[in-house]
Amino acid sequence: NKNLEYPDYAGVRMSYRFMFEFFTASLIAGGMPVRETLLFLGITLSMVVFVLFYFLARQITQNKTIAIIALVLYTFAGGLGFIYFLEDLQSGKAQLLGMPDYTHYPDKKIFFSNQIATLILPQRSFLIGFPAAFIVFAILWRWFNRKAGARELIFGALITGLLPFFHLHTFFSVGFVSVFLLAVEMIRDFKKHKKLDKNRLKLWLWFFLLVGILSIPQIVFSLSGLTSKIGKGFFEFMGGWLSQNQNLLIFWALNLGTLFILWIPAFIFGDRKLRIFYIPFFGLFVLSNLLKFQPWDFDNLKIFYMWLSIHSILIATLVYRIFNKNKIMAIFIILLSIFSGILAVISEAQTSYRLYGYTEVELGVWVRENIPKDAVFITHTGHDSFIPGIGGRKIFLGYDGWLWSRGIDYGERQEAIKKMYLGGQEAFNLLEKYGIDYVVIGPTERAIFYANETFFDSNFPIVKEYNGYKIYEV
């Protein structure tokens with residue numbers, strides 16, 4: 001993909017982060033099998049996520065027990081969805097095999113899905129985003145409390161500046177927190193000393209300058225890929241995330257459970273330094289309730305989990321205080337906090353999908369070995385097409401759910417692909433107009449597009465026919 005075009009929207013330059021996929025593809029190109037590559041990166045980096053969060057909590061609290069409590073709360077956060085599990089259990093509807101995810105229960109307006117089931121496993125770029133955020137948050141904590149020097153701050157700037165191509169939500173979150181922390185520090189210093197620390201301001205300036213030097217070219221590259229039909233639905237106002245007409249306090253109590261209920265006492269009794277450091281993260285929470293950052297409002301969950309990292313540490317400090325006075329009560333609070341999350345992980349562990357069958361794998365390998373790398377296909381628009389997934393070739397129109405979430409207006413192509421499959425003179429014109437090189441007709445294309453095989457058989461050579469599939473060269 002030398003032109004860095006969308007593999008599922010050929011001919012348009014990507015405006016979406018891609019470095020994690022590039023890194024994964026590099027390992028595969030170097031000889032590592034696909035399955036082993038995915039497992040190696042998934043398992044290794046997942047462990048890194050949790051280890052680095054533990055060290056972040058340990059750095060902030062200087063207490064191993066609080067760090068462990070925070071890690072448990074953060075990992076298995078899930079709200080009060082378990083109430084509906086208990087109702088199902090009482091009515092005899094509950095089942096461990098095939099049970100729903102009680103942290104994502106739209107019928108009950110529960111949307112704060114557990115991160116393992118929703119982010120870490122399916123959205124692999126978070127395996128870079130989370131660790132990067134935790135490292136920078138730890139550096140900012142040390143810097144804000146005058147324990148870190150210029151080298152640490154510059155290292156944090158290097159990590160932050162490289163984030164846009166890896167994970168834009170993390171970049172935004174870290175950038176927002178950094179700017180907010182600078183403002184808080186300036187207010188704090190001015191109230192205490194009636195003046196600002198010029199040396200620290202200079203280092204802050206170097207921090208943001210380095211972040212800008214590294215990140216702006218990446219952002220400009222991404223923005224330059226936007227057209228009038230791409231980039232819609234970003235940065236729009238919304239009230240209360242997905243609460244709709246529900247009372248916001250009730251909504252967040254359902255979605256966060258004890259992590260919401262204990263919020264005020266945890267803040268009141270928390271360490272003063274942690275309370276001040278928490279302020280920018282609270283700002284991130286408020287902003288994510290008010291602003292939709294991308295077309296799919298559910299995606300704000302990615303930024304909420306950046307807030308939750310420090311929020312979990314704040315709550316853990318209160319639970320530790322309770323633990324020292326009443327261990328049974330503290331353990332009960334922890335169990336209430338993680339019950340839904342554990343159920344979600346159990347549900348996810350039982351989930352299994354077959355993405356490709358034997359035939360699709362064989363055809364994908366054949367495409368990869370026999371079709372030019374710059375070829376463009378039309379095929380069905382599901383998320384499981386073997387052409388880009390295994391064959392590594394671009395397709396004219398891919399899965400609409402992904403295209404929509406990137407802000408792509410794919411309506412014109414959606415109509416065009418239907419007409420191409422129906423055949424006739426208009427199909428000839430459209431195939432030429434869009435530069436289509438190959439056409440796939442298989443079970444899905446026949447069912448969805450009513451593909452006119454007679455038209456394609458009469459006008460284009462079949463380069464591959466196998467188990468109900470035909471690939472035509474245009």
Side-chain angles (χ1 to χ4, degrees), residues 45-78 112 114-116 119-120 126-148 152 155-156 159-160 170 173-174 177-178 180-181 184 256-263 265-285 302-324 327 330-331 333-338 341-342 345:
L45 292 177
S46 294
M47 293 173 62
V48 170
V49 168
F50 299 120
V51 168
L52 285 178
F53 178 81
Y54 168 80
F55 281 110
L56 169 64
R58 178 84 182 275
Q59 179 66 232
I60 291 175
T61 63
Q62 296 297 305
N63 185 299
K64 292 181 181 178
T65 305
I66 296 178
I68 292 172
I69 294 172
L71 176 61
V72 171
L73 294 178
Y74 186 61
T75 303
F76 296 105
F112 205 88
N114 176 263
Q115 61 173 312
I116 294 177
L119 300 178
I120 290 178
F126 252 97
L127 299 177
I128 296 293
F130 273 143
F134 299 155
I135 292 171
V136 178
F137 291 161
I139 290 172
L140 290 174
W141 164 264
R142 286 175 52 79
W143 170 255
F144 187 71
N145 290 288
R146 300 177 185 270
K147 295 179 181 179
E152 280 188 49
F155 181 61
I159 295 174
T160 305
T170 302
S173 300
V174 173
V177 167
S178 301
F180 211 131
L181 271 180
V184 171
L256 291 175
T258 55
L259 297 181
F260 179 81
I261 296 167
L262 298 177
W263 192 340
F267 189 81
I268 292 173
F269 295 107
D271 177 76
R272 184 174 182 275
K273 292 180 179 179
L274 177 55
R275 281 186 289 152
I276 295 173
F277 187 72
Y278 179 78
I279 292 172
F281 293 89
F282 175 69
L284 200 60
F285 174 81
K302 300 171 182 177
I303 296 178
F304 280 123
Y305 264 102
M306 294 295 165
W307 155 77
L308 191 68
S309 63
I310 304 302
H311 184 76
S312 298
I313 297 171
L314 179 69
I315 300 298
T317 59
L318 177 64
V319 174
Y320 181 69
R321 288 169 66 98
I322 297 172
F323 182 80
N324 287 331
K327 291 181 173 57
I331 293 171
I333 290 172
I334 293 172
L335 290 175
L336 283 180
S337 303
I338 66 175
I342 290 175
V345 173

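For the single chain, residues carry numbers from 1 onward in sequence order.
- The line from CG of L140 to OG of S178 is 4.5 Å long, rounded to the nearest 0.5 Å.
- Side-chain atoms of Y305 and Y74, non-hydrogen and from C-beta on, do get closer than 4.5 Å to each other.
- To the nearest 0.5 Å, atom CG of residue N145 and atom CH2 of residue W143 are 12.0 Å apart.
- Once rounded to the nearest 0.5 Å, the distance linking OG of S173 with CZ of F304 reads 10.5 Å.
- With a 4.5 Å cut-off on side-chain heavy atoms, R58 and N63 do not count as touching.
- Counting all heavy atoms, side chain and backbone alike, I60 lies closest to F277 at CD1-CE2, 4.3 Å.
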Could you please spell out the steps behind the side chain to side chain contact (heavy atoms under 4.5 Å, CB included) verdict for V177 and W307? CA-CA 10 Å; V177 167; W307 155 77; over 6 Å; no

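- In this structure, F130 and F126 have tilted ring planes: the angle between them lies in the 30° to 60° band.
- The number of heavy-atom neighbours closer than 6.0 Å to CZ of F55, taken from other residues, nucleotides and ligands shown, is 12 or below.
- Side-chain contact between L127 and V48 is absent, with no heavy-atom pair separated by less than 4.5 Å.
- The shortest non-hydrogen separation linking A57 to A70 is CB-CB, 4.1 Å.
- Minimum interatomic distance between G341 and N114 (heavy atoms only, all atoms of both residues): CA-ND2, 3.9 Å.
- Enclosure of atom CZ in F155 is not indicated, since only 12 or fewer non-hydrogen atoms of other residues, nucleotides or ligands lie within 6.0 angstrom.
- Atom CG of L52 sits about 12.0 Å away from atom CD of Q59, to the nearest 0.5 Å.
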Between F137 and F144, is the ring pair (Phe, Tyr, Trp, His ring centres under 6.0 Å) condition met? List the steps. CA-CA 10 Å; F137 291 161; F144 187 71; over 10 Å; no

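- At a threshold of 4.5 Å between non-hydrogen side-chain atoms, the residues Y320 and I68 do not count as touching.
- Contact annotation: the side chain of D271 never approaches that of T317 to less than 4.5 Å [non-hydrogen atoms, C-beta and beyond].
- Considering only heavy atoms from C-beta on, I313 comes within 4.5 Å of L56 through its side chain.
- Taking the six-membered ring where the residue is Trp, F134 and F53 present perpendicular rings, their angle passing 60° and hence far from 30°.
- No side-chain heavy atom of L314 sits under 4.5 Å from any side-chain heavy atom of F281.
- Looking at every heavy atom in both residues, S46 comes nearest to I120 through OG-CG2, 3.5 Å.
- In this structure, the separation between CD1 on I310 and OH on Y278 is 9.5 Å, given to the nearest 0.5 Å.
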Hey, mind stepping through V49 and L45 against side chain to side chain contact (heavy atoms under 4.5 Å, CB included) and telling me if it holds? CA-CA 6 Å; V49 168; L45 292 177; 5.6 Å; no

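- The nearest pair of heavy atoms linking M306 to G129 is CE-O, 4.3 Å.
- Side-chain atoms of W263 and H311, non-hydrogen and from C-beta on, do get closer than 4.5 Å to each other.
- The CG atom of L73 sits 7.0 Å away from the OG1 atom of T258 when rounded to the nearest 0.5 Å.
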I'd like to know whether L308 forms a side chain to side chain contact (heavy atoms under 4.5 Å, CB included) with F112, so could you lay out the CA-CA distance, the side-chain angles of the two residues, the decisive distance to 0.1 Å, and finally the verdict. CA-CA 11 Å; L308 191 68; F112 205 88; 3.8 Å; yes

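- Within a 6.0 Å radius of CZ in R146, more than 12 heavy atoms belonging to other residues, nucleotides or ligands are found.
- Nearest approach of I333 to I322, heavy atoms of both residues: CD1-CD1, 3.6 Å.
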